[in-house]
Amino acid sequence: MKIAVLRFPGSNCDQDALHALRTLGYRADYAWHEATDLSGFDGVFLPGGFTYGDYLRCGAIASRSPVMAEVRRLAERGAPVLGVCNGFQVLCEAGLLPGALMQNASQKFICRPVWLSPVNRTSPWTHGLDRPIRIPIAHGEGRYTCDEATLRALQDEDRIAFRYTDSSGHRSADANPNGSADDIAGVLNAGGNVLGMMPHPERAINPLLAGDDGVGLLRAFGLVRAGSV
Amino acid sequence: MPIVRVAVTLKPSLLDSAGRTVAGSLDKLGFHEVSSARIGKLIHLEVDRFDPERIKEMCEKLLANPVIEDYSFEVVE
């Protein structure tokens with residue numbers, strides 16, 4: 001399993017992502033946004049940051065980068081693709097995930113640990129998680145938004161990966177940091193191999209630093225059967 | 001060369017948190033007649049020729065996100 005950590009102009013969580021993946025025993029390397037060939041990689045991590053200064057819309061310009069054709073190819077083959085924070089925004093802008101991320105309802109940039117409850121229990125990303133996990137968020141534009149038909153489809157098809165909850169798994173307005181629709185913190189594509197989420201699992205891999213609840217989630221990279229890609 | 005003005009606005013059903021803050025600030029300044037403010041983007045495109053189909057394509061491929069935004073455009077010069 002070799003994972004590409006994508007780097008766009010303005011990515012800033014790329015080093016954390018590479019460090020986390022290597023710490024967990026994966027082979028991982030950076031891939032530049034102009035790359036046109038990701039053969040040799042079995043999975044993709046789209047890290048957080050402010051690609052292209054968030055010009056036009058968060059993730060809009062990055063999602064039109066050459067490398068995204070390769071991300072799409074890998075995603076269609078069932079390879080694990082994880083977009084975190086700005087990476088989630090890029091996946092939505094690219095149409096690989098439904099919906100969009102808008103400015104937090106509070107208007108504030110929020111940087112603190114939050115509790116997430118796995119909703120879907122069958123995807124590689126979530127099936128090993130049997131309790132709420134504590135993962136940091138750091139974003140100004142993380143309010144998940146989609147139309148009602150899309151929301152119903154996400155619910156009916158079990159494609160909500162995580163909801164913001166309290167530590168006991170209960171939902172409330174207080175537990176939802178950014179005003180996301182249906183308390184959504186992360187969503188899956190139809191195949192379950194592409195996950196986008198605002199919280200940063202790569203920042204939660206060490207019990208001494210914000211906990212290690214991100215480990216179980218990142219282990220999914222080794223569980224998705226990517227085949228030969 | 002013609003200049004096309006593209007206006008991109010959030011869909012009316014969506015919360016515009018920045019607009020809400022601006023409306024609140026106007027209210028604090030004494031402009032109590034303002035009940036809401038919506039913030040959008042204006043993009044001026046200088047083009048070789050005006051082709052509405054091409055502008056529409058630009059809006060749908062990049063300038064607006066159909067999930068959250070509406071757009072309109074007109075030639076201004």
Side-chain angles (χ1 to χ4, degrees), chain A residues 51-66 68-69 86 88-110 139-154 173 176-184 187 196, chain B residues 3-29 31-32 34-47 50-76:
Chain A
T51 50
Y52 293 90
D54 279 351
Y55 294 162
L56 197 63
R57 296 177 305 278
C58 301
I61 309 292
S63 70
R64 277 77 174 170
S65 299
M68 291 307 294
N86 190 221
F88 184 14
Q89 296 162 344
V90 172
L91 289 175
C92 287
E93 279 283 344
L96 284 163
L97 291 173
L101 285 311
M102 298 179 66
Q103 189 169 42
N104 295 344
S106 67
Q107 283 268 79
K108 291 179 179 139
F109 187 95
I110 307 169
H139 61 249
E141 301 191 280
R143 175 163 52 103
Y144 186 77
T145 306
C146 62
D147 62 36
E148 281 183 29
T150 303
L151 181 58
R152 270 198 304 278
L154 288 173
N176 180 340
N178 52 29
S180 285
D182 203 28
D183 302 327
I184 287 174
V187 297
Chain B
I3 291 179
V4 181
R5 183 167 69 194
V6 180
V8 181
T9 51
L10 280 180
K11 287 186 185 293
S13 60
L14 297 176
L15 167 69
D16 180 350
S17 49
R20 190 177 58 179
T21 304
V22 167
S25 188
L26 285 170
D27 185 65
K28 281 184 195 136
L29 289 171
F31 297 104
H32 306 304
V34 178
S35 57
S36 96
R38 310 279 298 173
I39 297 176
K41 297 184 191 101
L42 275 184
I43 303 164
H44 284 211
L45 302 170
E46 199 173 328
V47 290
F50 174 61
D51 177 342
E53 281 306 311
R54 295 279 292 173
I55 303 291
K56 187 163 177 264
E57 203 180 335
M58 292 178 207
C59 289
E60 290 177 2
K61 280 198 168 168
L62 180 65
L63 300 179
N65 180 340
V67 177
I68 51 173
E69 294 170 327
D70 296 322
Y71 64 85
S72 62
F73 56 84
E74 60 181 334
V75 180
V76 290

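Naming convention: chains lettered A, B, ... in sequence-line order (proteins, then strands); numbering from 1 in each chain. The analysis underlying the following values was restricted to heavy atoms, covering all of them including side chains, and did not include hydrogens, waters or symmetry mates. Since this is a predicted model, take the numbers as computed values, not measurements.
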- Using modelled atom types only, decide if a donor and an acceptor are shared between the side chain of B:R20 and the backbone of A:Q107 within a distance under 3.5 Å. no
- Query: With chain A, which of B:L62, B:V8, B:T21, B:L14 has the greatest number of heavy-atom pairs at distances under 4.5 Å?
  - Reply: B:L62
- Note on the structure: Between A:L56 and B:K41, the two heavy atoms sitting closest are O-NZ, 2.7 Å
- Query: Would the number of heavy atoms belonging to other residues, nucleotides or ligands and lying under 6.0 Å from CZ of B:R54 be above 12?
  - Reply: no
- Message: For a 4.5 angstrom cut-off between non-hydrogen side-chain atoms, does B:V67 reach A:T145?
- Response: no
- What's the shortest heavy-atom distance between A:R143 and B:L15, and which atoms? NH2-O, 3.0 Å
- Task: Measure across A:R64 and B:K61 and return the closest heavy-atom pair with its distance rounded to 0.1 Å.
- Result: NH2-O, 2.7 Å
- Crowding at CZ, A:F109 (>12 non-hydrogen neighbours, <6.0 Å): yes
- CZ-CD1 distance between A:R57 and B:I68, expressed to the nearest 0.5 angstrom: 6.5 Å
- Distance (rounded to the nearest 0.5 Å) between B:S17 OG and A:K108 NZ: 12.0 Å
- Mind running side chain to side chain contact (heavy atoms under 4.5 Å, CB included) on B:K11 and A:D147 for me, showing each step along the way? CA-CA 11 Å; B:K11 287 186 185 293; A:D147 62 36; over 6 Å; no
